[in-house]
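To keep things clear, I will list the structure first and then write my remarks on it.
Side chains included, hydrogens not; waters and symmetry mates left out as well; all remaining heavy atoms used.
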Amino acid sequence: MDDIFSKVREGSAFHVRVWLDNTENDLNQGDDHRFSLLHWAAREGGTNIVDMLIQRGARINATNMGDDTALHLAASHGHRDIVLMLMHNKANINAINEHGNTPLHYACFWNQDLVAEDLVNNGALVAMANKFDETPLDKAKDYLSKRLKERAASLGQDLQKIPFKDRSWLGYKTRSRDALLSRHTGINIDQLQLNGHMATTHSGEVWRGLWQENDIVAKVLSLRECTVRNSRDFQEEFPRLRIFNHQNILPVLACCNQPPNLVVISQFMPYGSLFNVLHGETGIVVDQNQALRFAIDIARGMEFLHTLEPMIPNFVLTSKHVMIDEDLTARINMADYSFSFHEKGKLYSPAWMAPEAMQKRPDEINVRASDMWSFAILLFELETREVPFADLTSMEIGMKVALEGLRITIPPGISTHILRLLKICMNEDPGKRPRFDMIIPILEKMKHAS
């Protein structure tokens, strides 16, 4: 297919859809100026393409080389429907580019009156100064400046000028990924700049680092011995983990296959795992509404994985294997996949595993049904903020769940809707557990009611 950036600029929704259906195509890649597909669609007014990209997982606040977001471009060109769509999907309304300009600065400068009013109505600050000490009101014509000032005052905005403050050193901006990232599969370990040891787990050493100026996490697999066969199996299994076309899946970007080092590389997530968010000290407040958002994200990701034929084996759904993105989107981490040659026969997450998954061989169980049990444990964790079976060792949990009928204890006060859903998802008969496409509407109804 021709250059996908050209197809987006041309507004060819059909070509974009076909391109997105290939799981290895990275919709968050950037061109030579780090314009993402979403940047171009927002600039050119491709409303249906913007919607498609957002649904597939485009990073709303990714920046190009000039630190513009898609909202900057849509506001500049007066694409009101796209501006509203981006704001609805968590766009940073007061994002600043390299000149300190916000989307409102550009809407005012280009006389996009309705867009400017939409931005102010949704929290854009009229008194925020850029590097040249100019506020959006300074950029607007008199009639628009007066109207926006009155509207901001009625909304309770402080109209005192907010001086420009350089925040670039904080490293909060998310660049569109280099287009090369999605084309690479195997790379040399010397190309990675590993600069911080994050954790040692049963599966390997986890490091934070940089690759082509992108924040990454590299997991170096723990192996007693790396054989030629291990290396070959690793090379064969790794490509299935490069799932770039779903917003609730965190893909493996690339790998290093240089025995004795087998390394999987994924994007760095600022808040870490869902387990860390629920039980650590990230400062994120997970209220009932946010808990349901996480549950819906996870269910959507699992629904997608269950559509793949053949399914990806050797993946256990736990809160440690779900990562939280900067916009609080939950994403299932493909880097936590267990390779066929890695830790055979060992179970490290029995608290989240269905009883039958610990009693039978993988080819003897209904994997989709056992995933639903794991999701129920995750739902319990989201609702109670408790670590399941926290007072027992992994070996004790495995033995008691598989052989002695140990189950989670539902505390009093839990939502009756959640309680009913837990019971359905943890039916002792795997064949009677629902599918993910059946429970997503239930979860969404709960979220709207909360």
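- Looking at heavy atoms from C-beta onward, Ile408 lies out of side-chain contact with Glu386 at the 4.5 angstrom threshold.
- Residues His105 and Glu134 have side chains that never bring a donor and an acceptor to within less than 3.5 angstrom of each other.
- Two residues are said to be in side-chain contact when any heavy atoms from C-beta on lie closer than 4.5 Å; Met334 and Ile312 meet this criterion.
- Side-chain contact check for Gln55 versus Asp51: some heavy-atom pair is nearer than 4.5 Å.
- If you run side chain to side chain contact (heavy atoms under 4.5 Å, CB included) between Phe339 and each of Leu223, Val264, Leu262, only Val264 comes through.
- Taking 4.0 Å as the cut-off between side-chain N and carboxylate O, Glu44 and Arg9 do not count as a salt-bridged pair.
- Between Ala74 and Ile82, the shortest heavy-atom contact is CB-CG2, 3.8 Å.
- Distance check: Asn245 CG to Asp21 CG gives 7.0 Å after rounding to the nearest 0.5 Å.
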*Would Phe375 and Ile439 satisfy side chain to side chain contact (heavy atoms under 4.5 Å, CB included), going step by step from the backbone distance to the final call?*
CA-CA 11 Å; Phe375 178 78; Ile439 68 165; 3.3 Å; yes
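- For the residue pair Thr329 / Gln247, no side-chain donor-acceptor distance below 3.5 Å is found, with atom types taken as modelled.
- One side chain, Thr135 or Asp138, offers a donor N or O that lies under 3.5 Å from an acceptor on the other.
- Here the side chains of Gln290 and Phe294 are in contact, with some heavy-atom distance below 4.5 Å.
- Smallest separation of non-hydrogen atoms from Asn94 and Leu125: OD1-N, 3.0 Å.
- Looking at Leu210 and Asp215, their side chains come closer than 4.5 Å, going by heavy atoms from C-beta outward.
- Asn92 places none of its side-chain heavy atoms less than 4.5 Å from the side chain of Asp327.
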Side-chain donor-acceptor distances from residues 107-115 under 3.5 Å, at least two apart:
{"from": "Gln112", "atom 1": "NE2", "to": "Ser76", "atom 2": "O", "distance (Å)": "3.2"}
{"from": "Asp113", "atom 1": "OD1", "to": "Tyr143", "atom 2": "OH", "distance (Å)": "3.3"}
{"from": "Asp113", "atom 1": "OD2", "to": "Tyr143", "atom 2": "OH", "distance (Å)": "2.6"}

